[in-house]
S.K.: 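A single structure is presented below for examination.
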Amino acid sequence: NSSIDFLGRVTYTPSDKTTVIFVMTEGPEYPIAVGNNLPARDSSDFWTALDLVVTHKVTDKLSVGLGFDYVEAPRIPGIAGNNKQWGGVAQYVSYAIDPHFTLNTRLEWYNDSANGFSTGAPVNANYEEATVGVAIKPFPNDTTLSHLLFRPEIRYDHADQPVFAGGERHQLTFNVDAIFTF
């Protein structure tokens with residue numbers, strides 16, 4: 001939207017096993033000309049977005065993480081009322097079974113109190129999510145192919161409002177990623 005804003009990040013590592021990362025952005029973040037009858041450049045409503053992630057390596061095989069996100073917008077053109085908020089909490093657990101397989105789990109709670117602005121749903125809603133997956137490195141000791149990673153996962157979502165396809169409050173999804181880092 002052609003406006004200047006603030007973006008800051010602080011990383012604190014109290015030990016070789018624990019990392020704390022805090023990110024904040026403050027500024028007029030409303031996008032340019034989105035939706036019907038919305039201002040082309042809203043540079044007067046400052047949004048605040050906060051993100052905190054804490055990770056800890058419990059053992060060589062077990063890692064845990066906790067993340068918090070919060071966004072507040074004083075006004076969103078096209079949505080009635082003031083002080084729209086959304087955010088959530090996520091918990092991660094990762095266990096390396098061996099060099100080939102790492103089991104990953106995630107639990108999340110998310111609240112969109114901005115009439116679905118952050119999710120695309122037409123209402124305020126609370127969401128819960130549980131995911132189980134495995135990271136597969138088929139060639140962990142190969143110089144080149146060790147960068148190949150497959151991540152199949154299954155995810156269950158629940159919402160307190162009918163926001164999913166067909167007016168459902170639940171959905172189950174399966175996903176597979178293939179990643180090659182370089």
Side-chain angles (χ1 to χ4, degrees), residues 1 3-32 34 42-77 79 81-96 102-121 123-135 149 151-161 163-164 169-171 173 175 177 179 181:
N1 62 11
S3 297
I4 295 175
D5 65 353
F6 169 80
L7 173 63
R9 174 182 169 151
V10 175
T11 301
Y12 173 59
T13 310
S15 73
D16 61 341
K17 295 184 179 212
T18 303
T19 301
V20 179
I21 300 171
F22 176 72
V23 177
M24 177 186 178
T25 183
E26 176 77 29
E29 298 298 331
Y30 195 79
I32 298 171
V34 174
D42 179 8
S43 59
S44 60
D45 293 311
F46 277 56
W47 295 18
T48 301
L50 308 173
D51 178 59
L52 176 68
V53 176
V54 179
T55 56
H56 181 72
K57 190 165 185 159
V58 179
T59 68
D60 286 342
K61 294 186 174 211
L62 179 64
S63 297
V64 296
L66 193 59
F68 303 92
D69 292 297
Y70 175 77
V71 179
E72 182 176 47
R75 185 179 73 88
I76 298 174
I79 297 178
N82 294 323
N83 293 327
K84 299 300 181 189
Q85 302 167 355
W86 57 91
V89 179
Q91 168 270 316
Y92 308 87
V93 177
S94 184
Y95 184 78
T102 300
L103 181 64
N104 297 305
T105 64
R106 181 177 65 243
L107 296 173
E108 293 180 78
W109 169 80
Y110 186 79
N111 174 269
D112 182 339
S113 293
N115 296 348
F117 182 79
S118 71
T119 61
V123 295
N124 292 343
N126 283 294
Y127 301 83
E128 294 91 26
E129 173 272 327
T131 301
V132 176
V134 62
L149 177 69
R151 297 186 316 179
E153 67 179 26
I154 189 165
R155 173 179 170 141
Y156 171 75
D157 291 281
H158 168 76
D160 65 353
Q161 300 293 323
V163 295
F164 299 115
R169 293 177 187 240
H170 309 271
Q171 73 177 7
T173 54
N175 180 59
D177 295 348
I179 301 169
T181 59

S.K.: Nearest 0.5 Å, what's the CZ-CG distance between R169 and D157?
M.R.: 14.5 Å

S.K.: Kindly give the heavy-atom pair with the smallest separation between L149 and A135, and that separation in Å.
M.R.: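 Taking every non-hydrogen atom into account, CD1-CB, 3.7 Å.
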
S.K.: Establish, from distance only, whether the side-chain atoms of T48 and E72 form a donor-acceptor pair under 3.5 Å.
M.R.: no

S.K.: With ring centroids as reference points, do W109 and W86 lie under 6.0 angstrom apart?
M.R.: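 Between W86 and W109, which both carry aromatic rings, the centre distance is not below 6.0 Å.
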
S.K.: Between R155 and E153 (salt bridge meaning N to carboxylate O under 4.0 Å), is one present in this structure?
M.R.: no

S.K.: What is the distance from atom CG of N104 to atom OH of Y95, rounded to the nearest 0.5 Å?
M.R.: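 Interatomic distance, N104 CG to Y95 OH, rounded to 0.5 Å: 13.0 Å.
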
S.K.: Does the side chain of N124 reach to within under 4.5 Å of the side chain of N115, using non-hydrogen atoms?
M.R.: yes

S.K.: Has R151 got more than 12 heavy atoms of other residues, nucleotides or ligands less than 6.0 Å from its CZ?
M.R.: no

S.K.: What heavy-atom pair brings D60 and K57 nearest, and what distance separates the two atoms?
M.R.: O-CE, 3.5 Å

S.K.: For K17 and V58, which heavy atoms make the closest approach, and how far apart are they?
M.R.: NZ-O, 4.1 Å

S.K.: Would you say Y92 and S63 make side-chain contact, with heavy atoms under 4.5 Å?
M.R.: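 Counting from C-beta outward, Y92 and S63 never come under 4.5 Å.
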
S.K.: Would a distance-only check, ignoring hydrogens and angles, find a side-chain to backbone donor-acceptor pair under 3.5 Å from T13 to S15?
M.R.: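 Side chain of T13 to backbone of S15: no pair is present.
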
S.K.: Is there side-chain contact between L66 and V89, with at least one heavy-atom pair below 4.5 Å?
M.R.: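 With C-beta onward as the side chain, the pair touches.
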
S.K.: Using side chain to side chain contact (heavy atoms under 4.5 Å, CB included) as the criterion, point out the one residue from V53, L50, T11, V54 that pairs with F22.
M.R.: L50

S.K.: How long is the gap from OH on Y127 to CZ on F164, to the nearest 0.5 Å?
M.R.: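 Rounded to the nearest 0.5 Å, the OH-CZ separation comes to 6.0 Å.
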
S.K.: Can you find a side-chain donor-acceptor pair between Y156 and H170 that sits under 3.5 Å?
M.R.: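 Yes - a donor-acceptor pair under 3.5 Å links their side chains.
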
S.K.: Rounded at 0.5 Å granularity, tell me how far CD in Q161 sits from CG in D112.
M.R.: 11.0 Å

S.K.: Where do A125 and D160 come nearest, in terms of heavy atoms and distance?
M.R.: CA-OD1, 3.4 Å

S.K.: Would you say the side chains of S118 and Y110 form a donor-acceptor pair under 3.5 Å?
M.R.: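 Y110 and S118 do have a side-chain donor-acceptor pair below 3.5 Å.
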
S.K.: Heavy-atom distance under 4.5 Å between the side chains of L52 and V20, does that happen here?
M.R.: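 Result yes, sub-4.5 Å side-chain heavy-atom pair found.
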
S.K.: Taking the six-membered ring for Trp, are F117 and W47 ring centroids under 6.0 Å apart?
M.R.: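 Yes: the rings meet the under 6.0 Å criterion.
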
S.K.: What I'd like to find out is whether the side chain of T25 reaches to under 4.5 Å of the side chain of D5, using heavy atoms alone.
M.R.: yes

S.K.: Is any side-chain heavy atom of L62 closer than 4.5 Å to one of S94?
M.R.: no

S.K.: Hey, are the side chains of V123 and V163 touching, using non-hydrogen atoms and a 4.5 Å cut-off?
M.R.: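 V123 reaches V163 side chain to side chain.
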
